[in-house]
Colleague: 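Okay, here's the structure, questions in a sec.
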Amino acid sequence: MRRSPAPGTVPFFGWHVVAATFLLAVFGWGVGFYGPPVFFYAVVSRTGWPVALVSAAVTLHFLVGAFVVANLPGLYQRLGVPRVTLLGATVLAIGILGWAVASHRWHLFLAATLSGAGWVAMGAAAVNALIAPWFSLRRPAALGMAYNGASLGGVIFSPLWIVLIGALGVVPAVLAVGGTMVAVVALLSFRVFARTPESLGQAPDGENAPPEPTRAAAAVLPMGHTLWRDRRFVTLAAGMMLGLFAQIGLLAHLFSVLVPMLGEKTSGLVMGGATVAAIAGRFAVGWLMPADADRRLVACLSYGLQLTGSVFLILSVPFGSLWLIPGIVLFGSGIGNATSLPPLIAQREFLPAETARVVPLIVAIGQAGYAFAPLAFGLLRAVGGGPQSGSGAMLLFLGAALVQGAAIMCFLLGRRRDPQGRRRVPARG
């Protein structure tokens, strides 16, 4: 729970940062994450270009973002958080305009480069970097609240893109959304993100917050240790990457799979419904997960629900849309946790200085891996008979289920053992 400030003290500013980061995530994911599936459909419909080609552009969008996010801490140090955040929003706005007006194939790939470079300054690593200085013990709840902006971005923008494009056309819709996004992010950057706990004389979690338990010595990395030899890091990075690979691959194609079954408007609403489930799933983890919970097992449960959802989606192909809704709800319930749980696992298993290094790296690795998911899943659809084929849709859903199963195995393999060899929960970090 939040604590009320003592009389005469300055209210803890961290919750203002959470609210601002929530709004940043609404635009970041609504435009940079949930936008590409809609842009994908719009570009294919407008140009007639092959699905594999446009899938490759979506892949480039995420791959460029992986390179930028790996260098995000350095950019923060050189330019400052407010400038980097505003620059990212501006580049993203220019990039999505490029998607809307691309008339040659190289235009599309240039637009994807810009949109991918811009959106990560409003993505998962950025959210964690903005929240981390303000929260330690309460970070799961704070991150859960901030990351719910990502899910709300899907709820709002999945149908909103369809409505705006239908009412205004692609270019005016992109200009309206992009201009609003840049204006809002400019305000947040210099009114909220420019402030730090040190500049306000405040401590993480607020001055009345209880101290965070001391980390176990086992979490300390020895001198000369490389993360690539650490089982915790390798399995965490691999599990996050595989889970997001399945998620991004399916989501990038889901809208175009649903349209022949449900129509454009209903498909937009269904995509929004998946993100409503994501909000519920992330809220449950952020506020109900016990302080001493094994966060890797929580991640496995979340991916298990998504895997079950993928099975329901497979069944919807031969047996009809009755299976579709539970599939969307179960798959959607883990969308947010796939992004927010790995940083929380890193916080538990690594020291603060190490966590600041680990989180951008696992996000970059995850994004570099899942960047190829739209292309890989596009090839699966092509093998199954193309965009309108039921076999292609079934292969899409089956591929997602298999990769999610592999992600679960990675998280289980990274759990630590006590001296007697039994599995145990890692010491709090």
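Heavy-atom basis, side chains included; hydrogens, waters and symmetry copies ignored.
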Colleague: Counting neighbours of CZ on R46 that are heavy atoms of other residues, nucleotides or ligands and sit closer than 6.0 Å, is the number greater than 12?
Modeller: yes

Colleague: Donor-acceptor pair, S45 side chain versus A42 backbone, under 3.5 Å?
Modeller: no

Colleague: Suppose we call two aromatic rings close when their centres sit under 6.0 Å apart. Are F40 and W49 close by that rule?
Modeller: no

Colleague: Kindly compute the distance separating CG (L341) from SG (C300), expressed to the nearest 0.5 Å.
Modeller: 10.0 Å

Colleague: If we ignore hydrogens and angles and just use 3.5 Å, is the side chain of S199 paired with the main-chain N or O of R195 as donor and acceptor?
Modeller: no

Colleague: Would V174 and V101 satisfy side chain to side chain contact (heavy atoms under 4.5 Å, CB included), going step by step from the backbone distance to the final call?
Modeller: CA-CA 10 Å; V174 165; V101 301; over 6 Å; no

Colleague: Taking all atoms of both residues into account, what is the closest heavy-atom pair of A338 and Q247, and its distance?
Modeller: CB-OE1, 3.6 Å

Colleague: Are F39 and W161 near enough that their ring centres are under 6.0 Å apart?
Modeller: yes

Colleague: Check whether any side-chain heavy atom of L251 sits under 4.5 Å from a side-chain heavy atom of F331, and report yes or no.
Modeller: yes

Colleague: Would you call I248 and F33 a side-chain contact if the rule is heavy atoms closer than 4.5 Å?
Modeller: yes

Colleague: With side chains defined as the heavy atoms from C-beta onward, is the minimum distance between R381 and V257 less than 4.5 Å?
Modeller: yes

Colleague: Checking V26 against V184 for the side chain to side chain contact (heavy atoms under 4.5 Å, CB included) test, could you report, in this order, the C-alpha distance in whole Å, the side-chain angles of both residues, the deciding distance, and whether it holds?
Modeller: CA-CA 11 Å; V26 169; V184 170; over 6 Å; no

Colleague: Would you call W323 and L313 a side-chain contact if the rule is heavy atoms closer than 4.5 Å?
Modeller: no

Colleague: Under the side chain to side chain contact (heavy atoms under 4.5 Å, CB included) rule, what do T21 and V127 come out as? Steps first, then yes or no, please.
Modeller: CA-CA 6 Å; T21 307; V127 168; 3.7 Å; yes

Colleague: For the residue pair C410 and L242, what are the closest heavy atoms and their distance?
Modeller: SG-CD1, 3.8 Å

Colleague: Looking only at heavy atoms, what is the nearest atom pair of V170 and A100, with distance?
Modeller: CG1-CB, 3.4 Å

Colleague: Rounded to the nearest 0.5 Å, what's the gap from CD1 on I365 to CD on Q367? Could you check?
Modeller: 12.0 Å

Colleague: To the nearest 0.5 Å, tell me how far F372 CZ sits from F62 CZ.
Modeller: 13.0 Å

Colleague: Is it the case that atom CZ in F67 sees more than 12 heavy atoms from other parts of the structure closer than 6.0 Å?
Modeller: no

Colleague: I'd like to know if the side chain of R295 reaches the main chain of L344, judged simply by a donor and an acceptor atom lying under 3.5 Å from each other, with no hydrogens or angles considered.
Modeller: yes

Colleague: Closest heavy-atom contact between L188 and A20?
Modeller: CD1-O, 3.5 Å

Colleague: Can you find a heavy atom in the side chain of F411 that is under 4.5 Å from one in the side chain of L236?
Modeller: yes

Colleague: Which heavy atom in V69 sits nearest to a heavy atom in A66, and how many Å separate them?
Modeller: CG1-O, 3.3 Å

Colleague: Please check this pair: side chain of H253 against backbone of G378, looking for a donor-acceptor N/O pair closer than 3.5 Å.
Modeller: yes

Colleague: Is I335 close to Q306 at the side-chain level, that is, under 4.5 Å between some pair of heavy atoms?
Modeller: yes

Colleague: State, yes or no, whether a side-chain contact exists between R415 and L297 at a heavy-atom distance under 4.5 Å.
Modeller: yes

Colleague: Check the pair L86 / F190 against side chain to side chain contact (heavy atoms under 4.5 Å, CB included), numbers first and verdict last.
Modeller: CA-CA 9 Å; L86 179 55; F190 294 104; 3.7 Å; yes

Colleague: Can you tell me how far apart OG1 (T339) and CG (L244) are? Round to the nearest 0.5 Å.
Modeller: 5.0 Å

Colleague: Could you tell me whether a side-chain N or O of Y147 sits under 3.5 Å from a main-chain N or O of A25, the two making a donor and an acceptor?
Modeller: no

Colleague: Which value, rounded to the nearest 0.5 Å, describes the distance between I345 atom CD1 and I362 atom CD1?
Modeller: 8.0 Å

Colleague: Taking all atoms of both residues into account, what is the closest heavy-atom pair of A400 and S310, and its distance?
Modeller: CB-OG, 4.0 Å

Colleague: Q202 side chain to F13 main-chain N or O, any donor-acceptor pair under 3.5 Å?
Modeller: yes

Colleague: Under 4.5 Å between any side-chain heavy atoms of F12 and F135, yes or no?
Modeller: yes

Colleague: Can you tell me how far CG of L412 sits from OG1 of T235, rounded to the nearest 0.5 angstrom?
Modeller: 10.0 Å

Colleague: Around atom CE of M289, are there more than 12 heavy atoms from other residues, nucleotides or ligands closer than 6.0 Å?
Modeller: yes

Colleague: Between S189 (side chain only) and A186 (backbone N and O only), is there a donor and an acceptor less than 3.5 Å apart?
Modeller: no

